[in-house]
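Notes for the one structure printed next.
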Amino acid sequence: MVKNSNPKFIYGDSSLTDLAISDGDSLTSIAAERNTIEQLLAIGTALSDCLNLTELLDLILSKSREITCSDAGSVYLIDRSHGEPKLLFRAAQNDSLPNMSFQLATIPLNPESLAGYVATTGESLNIPDAYAIGDNMPYKFDRHFDREFAYRTVSVLVLPMQNRDGETIGVLQLIDRKLKADLQITPTNALSVTQPYSEWEQQIVRSLAAQAAISIERNHLLESIEELFAGFITASVQVIESRDPTTAGHSERVAKLSVRLSQEVNSIAAGVLANIHFSDRQLQEIRYAALLHDFGKISIPEAIVQKGKKLYPHQLAELSHRFNLLRRTWELASADRKVTYLLNPPIDLQHQAGDNCRHCGYLQQLDRELTAKLDRLQSYWELLNQLNQPDVVRTPEFAEKLETIVTDLQALARYTYRDLDGILQPLLTPIEIEQLLIPRGTLTAAERLVVESHVSHTYDFLRKIPWTKHLQSVPNIAHAHHEKLDGSGYPQGLTATEIPVQSQIMTIADIYDALTASDRPYKPRLPVDRSLAILYQEADLGKLDLHLLELFEQRQVYSVLS
């Protein structure tokens with residue numbers, strides 16, 4: 001058994017050649033060692049290119065086994081994220097048991113196991129026969145696997161994977177160095193077809209383990225950065241939606257629809273869409289763009305973002321106050337006329353007994369006049385409340401008498417009242433009339449421009465983020481999600497060839513969710529078939545991509561929200 005706590009080996013150093021010559025002074029041996037060095041360099045390049053942790057661990061293990069002609073092996077990573085540190089069993093390979101199923105597991109981080117000993121001490125273990133470990137050693141070999149799978153572990157090489165700071169982050173374990181690569185290990189032949197690991201191999205693999213540790217640490221760092229960024233995006237979406245609770249969940253739903261439709265595009269083998277394919281990174285790019293497509297709304301006044309009716313709540317409250325004030329003014333004026341009349345009635349209008357009393361008739365006439373004025377004012381108030389509802393102007397009932405309604409509003413605008421300072425004011429302002437006559441939705445033309453500016457604000461915000469090269473299109477994708485193929489969209493008025501296909505996908509998802517969402521106060525939720533019909537109308541007008549829309553419907557992409 002060999003322990004080596006700090007072997008001095010750096011591949012590429014002349015010590016490799018010296019060692020090769022000392023083992024056998026032959027050109028063949030030197031060529032073999034140089035070939036190993038070239039393999040290590042190639043492995044280093046492969047490790048640098050691997051970004052997926054699972055793939056990285058499998059690569060580390062397979063290349064280590066390949067160099068040493070090992071039958072099996074495993075990789076453990078130290079987990080310090082929750083409570084007591086522990087070893088995570090993350091990868092396993094076995095040529096003699098190719099159908100062996102691998103399951104994630106944990107073992108205690110203590111020196112009682114081979115991997116635990118190496119992880120806690122930072123020493124390497126080179127064991128010729130795992131069944132011959134002395135009782136005086138702090139570690140023991142667990143034969144549970146051998147018994148369960150009818151295997152025989154003989155030679156074992158266990159090495160720490162240490163980062164640049166010398167901290168152990170994992171353990172690489174190689175099992176059964178074979179005499180020939182194509183041999184299959186069985187309990188009966190294991191002792192005859194395996195051999196101990198050489199010092200040379202220990203040094204080689206330890207160097208590889210150190211390089212692997214750096215790659216793993218880099219991978220962890222990348223994952224941490226991505227998790228941090230994903231958290232930032234989630235927080236950003238929450239900030240947007242907290243300003244407008246009525247649209248909560250919209251960004252996430254648009255992201256789900258956009259990603260699913262993009263995945264369906266990937267599955268097309270023939271036709272116009274067959275030449276379009278999105279990589280995993282591009283799908284992530286689409287998801288991020290969709291999640292953040294409305295972030296610019298954070299710069300839009302909350303009152304506009306949450307405007308559920310044509311008049312703002314404070315406007316309606318102020319109008320109600322004016323109407324009440326005018327009612328009281330008219331009632332007081334009528335009462336004042338009565339008092340003046342009763343204090344000094346005309347001689348010819350003295351009270352007389354019977355039904356034809358002109359005196360009583362005059363007082364009743366004053367009451368009728370007041371009632372008529374108040375009734376008409378009340379009808380105006382009811383009209384205002386009806387007009388305040390979204391899209392009411394477009395209903396058949398109102399469309400037929402729109403001219404009369406406009407005339408009524410103009411007449412109402414001529415009504416005046418005196419404010420608390422005694423200044424004469426119009427009962428209904430021109431701005432309020434404009435708002436009440438909005439034909440569609442709740443926003444005036446000026447307010448709609450403010451809302452539409454959220455796209456530019458989104459772009460200005462997103463382009464300030466230092467995106468990686470795999471995500472650098474996020475700002476442009478989000479910027480174009482309100483563009484239409486015929487150039488009628490905003491904010492840039494792009495046409496079909498100028499709009500990224502990712503944005504065209506997101507546009508369909510965005511419109512669909514806006515139509516079917518049940519959380520909009522200014523419009524009712526539409527059923528799926530009606531929403532699809534509206535989308536097809538847009539496609540027929542040349543505003544949306546018909547092929548993408550047909551795929552959206554045929555593959556029932558919208559089911560991802562159910």
Side-chain angles (χ1 to χ4, degrees), residues 1-10 47 53-54 56-58 60-61 64-65 68 70 72-93 102-146 153-177 196-197 199 201-221 223-224:
M1 173 186 332
V2 178
K3 292 184 185 179
N4 190 341
S5 60
N6 187 27
K8 296 181 180 178
F9 172 81
I10 302 175
L47 292 178
L53 181 59
T54 300
L56 177 62
L57 297 179
D58 285 337
I60 291 167
L61 189 52
S64 300
R65 291 175 50 242
T68 58
S70 296
S74 53
V75 176
Y76 300 83
L77 295 182
I78 298 178
D79 179 16
R80 294 185 173 89
S81 59
H82 304 289
E84 290 293 322
K86 52 186 173 293
L87 276 175
L88 296 181
F89 183 44
R90 290 297 306 267
Q93 297 171 4
F102 167 72
Q103 293 181 337
L104 293 175
T106 61
I107 63 173
L109 185 59
N110 59 50
E112 296 179 9
S113 63
L114 302 185
Y117 178 84
V118 171
T120 54
T121 64
E123 296 180 359
S124 300
L125 291 178
N126 190 340
I127 303 172
D129 188 349
Y131 285 21
I133 297 174
D135 293 338
N136 59 330
M137 293 299 176
Y139 47 81
K140 297 291 184 288
F141 175 71
D142 186 354
R143 302 188 187 187
H144 174 76
F145 176 86
D146 285 10
T153 300
V154 186
S155 53
V156 181
L157 180 60
V158 193
L159 304 135
M161 293 191 291
Q162 297 176 324
N163 59 20
R164 289 186 179 91
D165 298 324
E167 178 188 11
T168 300
I169 66 168
V171 173
L172 173 62
Q173 180 172 280
L174 301 177
I175 297 172
D176 285 344
R177 179 193 176 205
Y197 290 91
E199 178 70 17
E201 288 168 320
Q202 181 173 330
Q203 290 180 331
I204 288 286
V205 179
R206 177 135 186 170
S207 273
L208 178 57
Q211 189 172 353
I214 294 172
S215 296
I216 292 171
E217 195 168 56
R218 181 208 59 189
N219 185 277
H220 283 322
L221 179 60
E223 285 186 347
S224 297

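No experiment lies behind these values; they were computed from the predicted model shown.
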Is any side-chain heavy atom of [Y] closer than 4.5 Å to one of [X]?
{"X": "V75", "Y": "M161", "answer": "yes"}
{"X": "S64", "Y": "T68", "answer": "no"}
{"X": "I127", "Y": "Y139", "answer": "yes"}
{"X": "I107", "Y": "F89", "answer": "no"}
{"X": "V118", "Y": "Y76", "answer": "no"}

Side chains of [Y] and [X]: any donor to acceptor distance under 3.5 Å?
{"X": "Q162", "Y": "T168", "result": "yes"}
{"X": "S70", "Y": "Y197", "result": "yes"}
{"X": "Y117", "Y": "E123", "result": "yes"}

Practice task
Name all residues meeting the side-chain contact (heavy atoms from CB on, under 4.5 Å) criterion together with A119; count only those two or more places apart in sequence or in a different chain, and write none if there are none.
Solution key: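 I78, L87, L109, V171.
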Problem - Pairing residues for P108 by the side-chain contact (heavy atoms from CB on, under 4.5 Å) criterion, not counting sequence neighbours - result: N110
Please confirm whether the backbone N or O of [Y] pairs with a side-chain atom of [X], one donor and one acceptor, at under 3.5 Å?
{"X": "D176", "Y": "V154", "answer": "yes"}
{"X": "D79", "Y": "L88", "answer": "no"}
{"X": "Q173", "Y": "L159", "answer": "no"}
{"X": "T106", "Y": "K86", "answer": "no"}

Exercise for the section: Might you confirm whether atom CD of E167 has over 12 heavy atoms from other residues, nucleotides or ligands at distances under 6.0 Å? Expected result: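 Buried by this count: over 12 neighbours within 6.0 Å.
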Heavy-atom pair of closest approach, residues [X] and [Y]:
{"X": "P85", "Y": "R80", "answer": "CB-CG, 4.0 Å"}
{"X": "A115", "Y": "V158", "answer": "CA-CG1, 4.3 Å"}
{"X": "P196", "Y": "S155", "answer": "CA-CB, 3.9 Å"}
{"X": "A130", "Y": "V156", "answer": "CB-CG2, 3.9 Å"}
{"X": "S124", "Y": "Q202", "answer": "CB-NE2, 3.7 Å"}
{"X": "A209", "Y": "P160", "answer": "CB-O, 3.7 Å"}

Can you tell me how far apart [atom1] ([X]) and [atom2] ([Y]) are? Round to the nearest 0.5 Å.
{"X": "L157", "Y": "E201", "atom1": "CG", "atom2": "CD", "answer": "8.0 Å"}
{"X": "S74", "Y": "L174", "atom1": "OG", "atom2": "CG", "answer": "8.0 Å"}
{"X": "R90", "Y": "I60", "atom1": "CZ", "atom2": "CD1", "answer": "11.0 Å"}

Problem - All pairs passing salt bridge (charged side-chain N to carboxylate O under 4.0 Å, His left out) where residues 128-140 contributes a residue, at least two apart - result: D129-R152
